[in-house]
There are 2 protein chains.
Amino acid sequence: MDADVPADGHAGRRGDTRARIQRVALELFAEQGYDATSLREIAERLGVTKAALYYHFKSKEDIVRSFSEDHFCRMDSLIDWARQQPPGPATGHEILERYLTILIEGSDVFRFLEQNQATLRSGDDGKHRFEQFRPRLYALVDLLIGPDATTRARIRTTAAFFSISASLMLYRDQADTSPEELRKIILEIADDLTRDLGYP
Amino acid sequence: MDADVPADGHAGRRGDTRARIQRVALELFAEQGYDATSLREIAERLGVTKAALYYHFKSKEDIVRSFSEDHFCRMDSLIDWARQQPPGPATGHEILERYLTILIEGSDVFRFLEQNQATLRSGDDGKHRFEQFRPRLYALVDLLIGPDATTRARIRTTAAFFSISASLMLYRDQADTSPEELRKIILEIADDLTRDLGYP
DNA sequence: GTCTATAGACGGATAGAC
DNA sequence: GTCTATCCGTCTATAGAC
């Protein structure tokens, strides 16, 4: 809501300290983990002091929220879009494709969220951030197969989404595979797992 | 299980204190995260003090190692076994099946390792524990499809392993699905992803 | 907007008595 | 094997000057 995160990080541009903090923090969080990264460390890499950070963000977790909320918003947008489409295989395929795009564009955030599941809690209710992911995942699954599908269909579709994220994370930096090739292979897998499941 | 104190007098917990520490620690680590769980917390739940923990384990990370190493040993055993089998679809299927069994039997450890990737480092080389998982996963993938398989085959097979773990973690506590049914569905998915890939 | 300085809390680890 | 007591480090967060 109030998190005005630029959709595209203008790398290196000076002047917007807030965005630079976000970029460096995400980098360090994804690399070393949330707990293992101190505010002092972030400040040092930026060439400022801890106190400067507190001018822009009210707490350490507020920094996380500023970019992780953006990621969940993108998922919500996808869900909203999908709800307005006619159910069917074509829409199903496009959901998977758009999901992949979201992960590609926010892969740093996603990696961070994935690897720090255990330590991240939302400030309000104390629930794991993974609990912010799970209902959205289920919503997408339902949109692919309908709410009355079999358990088998539900599990297969869930596996499709996880195959997308796992494949992307493991193979996106592989030299022998172009991004286009990787994208094709990933979507083929996801399509195979969701074929002939719902809306017959 | 039984967290009960032996009924007999002062002889205490006999030799099982070490095991009780492991059980409680794993529980808390998996639930709250490694960093978020203090030794004080573990000690309190056990009804002992922090210092008692240090009698049994030389550090906090030593507690983790005591059960996470066991998990990697199981994966190594699977790899060793697989190397001695004739390559082919039948062996491939059994690899997937045995992998699933390992995850089921050590699901708490696996969940812990998965959710704490970011914070866990091995004491020696400072590498992420995930880096202890990745080469083993690749070894299993190679055993299913051979070292000269296409990238497509490699990604699909990797996705098969991730589908197994993700499906298990998300659906193992679902009331409407029996463990047998779940097992069947999961293996069906994994088989689909590894069908017609290697050893034609 | 950024700084210095410090409060305030907590965690891991150790020493030594029993 | 377990305890009490404590050291020492690091961290988040705040106060107030410039």
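Reminder, nothing fancy here: chain letters follow the sequence lines and each chain counts from 1.
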Taking atom C1' of C:dA5 as reference, at what distance in whole Å does atom CZ of A:Arg40 sit?
16 Å
Grab the CG-P distance between A:Leu46 and C:dG1 for me, whole Å please.
15 Å
Strictly by modelled atom types, are A:Gln115 and B:Gln115 linked by a side-chain donor-acceptor pair under 3.5 Å?
no
Closest to the A:Ala52 side chain, choosing from D:dA13, D:dT2, C:dT2
C:dT2
Is the shortest side-chain N/O distance from B:Thr49 to OP1 or OP2 of D:dC3 below 4.0 Å?
yes
Specify the separation, in whole Å, of atom CG of B:Asp35 and atom C1' of C:dG11.
11 Å
Atom CZ of B:Arg18 and atom C1' of D:dG1: how far apart are they, to the nearest Å?
14 Å
Can a donor-acceptor pair under 3.5 Å be found between the side-chain atoms of B:Lys50 and the base atoms of C:dG12?
yes
Is the B:Phe112-B:Phe29 ring centre distance short of 6.0 angstrom?
yes
Would you call the rings of B:Phe110 and B:His71 parallel, tilted or perpendicular, where under 30° means parallel and over 60° means perpendicular?
tilted
Whole angstroms only, please: what is the CG-P distance between A:Leu53 and D:dA13?
11 Å
Nucleotide nearest A:Tyr55 (side chain, heavy atoms from C-beta), chosen from D:dC3, D:dA13, C:dT2
C:dT2
Rounded distance in Å - CZ (B:Phe57) to P (D:dG1):
12 Å
Examine the side chains of B:Thr158 and A:Tyr171 and answer whether a donor and an acceptor come within less than 3.5 Å of each other.
yes
Nearest whole Å is fine: how far is C:dA15 C1' from B:Lys58 NZ?
19 Å
For the ring pair B:Phe72 and B:Phe133, is the centre-to-centre distance below 6.0 Å?
no
On DNA chain D, compare the nucleotides closest to A:Ala51 and A:Ser38; which residue's is nearer the 5' end?
A:Ser38
Could you state the atom-to-atom distance from CZ of A:Arg20 to P of C:dG1 in whole Å?
13 Å
Any side-chain N or O of B:Thr17 under 4.0 Å from OP1/OP2 of D:dG1?
no
